[in-house]
Amino acid sequence: MPDEEWDSEEALPDVSGLTPVRSLDELRRGTTERERLTPAAALRRYFGYEVFRPLQGDAVNSALNKRDCLVVLPTGGGKSLCYQIPAACGAGMVLVVSPLIALMDDQVAAAREAGLNAVALHSNLDEENRRAASQAMMLGEVDLVYASPERVMASDWVTRLPNLALVAVDEAHCVSHWGHDFRPEYRQLRQIFDRIPNVPRMALTATATPQVQDDICNQLGLRSVDRFIGHVDRANLVYRAIPRHQGAKQALAVIQRHMGEGGIVYAQTRREVEQLTATLKKAGVQAAAYHAGLPAETRAKVQSDFVNERLDVVVATIAFGMGIDRSNVRYVVHANTPKSIEHYQQEAGRAGRDGLPADCVLLFSAGDLVTHRSLAMRDGPLSPDRERVLERQLREIGRYVVAPICRHRLLTEHFGQPYPAPAQGDAIVNSSSVEDNCGACDICLGETKELAADLALLTAQKIISAAWRLEGRFGPGQCVDVLLGRRTDKSERAGHDRLKVFGMLQDVSEATVRAWLDQLIVQGFLALREDGVYSFLLHTEAGKALCRGEGSVRLGQIADRPTPARAERKPKSSSSSKSSVTTDDAPLSSQDQALFERLRTMRKQVASAAGVPPYVVFHDSTLQAIASARPKTIAAMTAIKGIGERKAARYGAAVLAVVQNES
Ligand code: ADP
Ligand code: MG
């Protein structure tokens, strides 16, 4: 076990280097009361979208009818619109409680780009801007106010807001002990909310366990709550869990498939982050390291470079992520197994928020789980409760990585939902149209194959017998050598070359034997014991039983064919992502792709001039739609998804110039 420090998620990353909240000129100019619009009209005018995503319209109506609601939608599901639309409809001001400055600034920038008056109240705001914001708020001239829970609790300004139509609590799982980012201040919010009983409340989160949902409703004092629980599956993500044999090389392969696109590589320790960054740089990848051991300025710069698309690849510990809303992250690689499925869902979920296909690759080794266990216990033994939770989490993530079962199904079922998602609405469910093949994970893509049951049993018995013969005195590497029949000094000295199991799997590749060993460890037929320096391989009671033919085992193996090229992969669009994939998943032609790249360059320039991240100006999906539709007029542009009136007016000319230049 390395003795270096380990990173945990940071509740509040330092974001002082990030783009500041933009000027309040527009606010000072004063506004007239916002025109009353229907939700659909507001969606079109301000956001340029024709249809609501599932549950968005319900949440908006709930707020407009002055009811409390809980909204659970996956990352990228479109939670922001649920509370932005009531403001855009002219219903009044919406107060949004948000845990992170970076998140607030991003949202404020995006809302302003859409043509709404938004302000964020936080400690990074200078005195002048704060005063201007307060004044505008008290005059009822603001549509959206973003504030941290601390700010909401400071004095009673919230109770004095003149035209408050809704309070929305974003990342509401922070209120729950059971959630993964508990923030005690969230618990106090109710005190203020109870002083404005006529204002409806909306709580939003991507974390779906029923326990956390109940906790949120109780802690925030939601009254006869409307619950809008979406399906957790992220259909646009392609999941792969692959045995790690040469981690850096495997990560590099993913990065090279995505040259010029944004991606995150998670590693477990700070040292691993540094090493991997160096290796990638040597291979010509422009990558930066991020972990809690780096100076605050360095971290802020990496974060800001990544968000503003000046940097493509960040290699990081899990300290990096919360508050990174870059929507066009095209891949997330885990160089090690994460701590739990919840963590994985959260970290991998940073890919593809724009609804376009994105890759999530997890490189695993059974040793990772052992490391997590000893890490959790480094400060002494755990309470029995904590230990039970830890073991359960490791079992679950272990099963996820080795079970040769559709990854989308495993993740969805983990959160207590059926997979595939049941059909929406009252249409008759045509079960024959519900395929079992997600087309978006290594299993369903045929990259990882399951061994036939009898072959799996026989193979497992061979491996367990080998471990049995080594009597728990050797590591997994020696067991692999024995099975492969490698004559090493060690084998000969120990007489392993005379064992019956020697060379029993000599026709199989080393990577495959290692992967099977891992799979047997995770399934409990073998075990690893660490003594702090070395790890030793043991067989378990379940393993002995399996050798007697009792019980069953599943083994997967990487199929003998290359990873399909990106164009061949077609992740199924779920009902929730379909609406955002404007290009119907069809890859762009090479001509359109060239135009798309030029549009990206233009976007970067205007974003930098406006002081906002590029994805706030247009999403990749919008640029792709422009590249294939090639609009000739500004009016034609507003027909494209993601271009509202304001964006058309503001950027239309720049877009047309690029498009015309091309044709
Ligand atoms: P969440 O907070 O749930 O992770 P966001 O609110 O950030 O998700 O939205 C994710 C993306 O989906 C945003 O880029 C947003 O513009 C887009 N989006 C939201 N609603 C719609 C819609 N009805 N149609 C198309 N795109 C949408
Ligand atoms: Mg959000």
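Read the numbers this way: they start at 1 and go in the same order the structure lists the ligands and their atoms. All values reported here derive from a predicted model rather than from experimental measurement. Note: hydrogens, waters and symmetry copies are ignored here, and every other heavy atom, side chains too, is used.
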**Report entry** Verdict with reasoning, Phe306 to Tyr290, per ring-ring contact (aromatic ring centres under 6.0 Å, His included)
**Finding:** CA-CA 11 Å; Phe306 184 69; Tyr290 184 106; 9.9 Å; no

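Counting only non-hydrogen atoms, the option in Lys641, Glu50, Arg53, Arg353 that gets closest to atom 12 (O) of ligand 1 is Arg53. Remark: among candidates Ser80, Gly77, Gly76, the nearest residue to atom 6 (O) of ligand 1 is Ser80, based on non-hydrogen atoms.
Of the N and O atoms on the side chains of His122 and Asp105, at least one donor lies less than 3.5 Å from an acceptor on the other residue. A donor-acceptor contact closer than 3.5 angstrom is absent between the side chains of Asp170 and Ser98. Counted by atom type alone, Tyr83 and Gln107 present one or more donor-acceptor pairs between their side chains at under 3.5 Å. Side-chain contact check for Tyr651 and Glu113: at least one donor-acceptor pair (N or O, by modelled atom type) lies under 3.5 Å.
Any N or O atom pair closer than 3.5 Å counts here, and Val51 shares at least one such pair with ligand 1. Checking only distances, Gly78 does come within under 3.5 Å of ligand 1, N or O to N or O.
Applying the 4.0 Å criterion to heavy atoms of Pro74 picks out, from ligand 1, the atoms 3 (O).
Not close to ligand 1: Leu73, with no non-hydrogen atom less than 4.0 angstrom away. Heavy-atom distances between Thr75 and ligand 1 reach below 4.0 Å in at least one pair.
Residue-level proximity to ligand 1 for Asp170 is absent, since no heavy atom of it falls below 4.0 angstrom.
Put simply, the residue from Glu309, Arg353, His619, Arg600 that forms a side chain to side chain donor-acceptor pair (under 3.5 Å) with Asn328 is Glu309.
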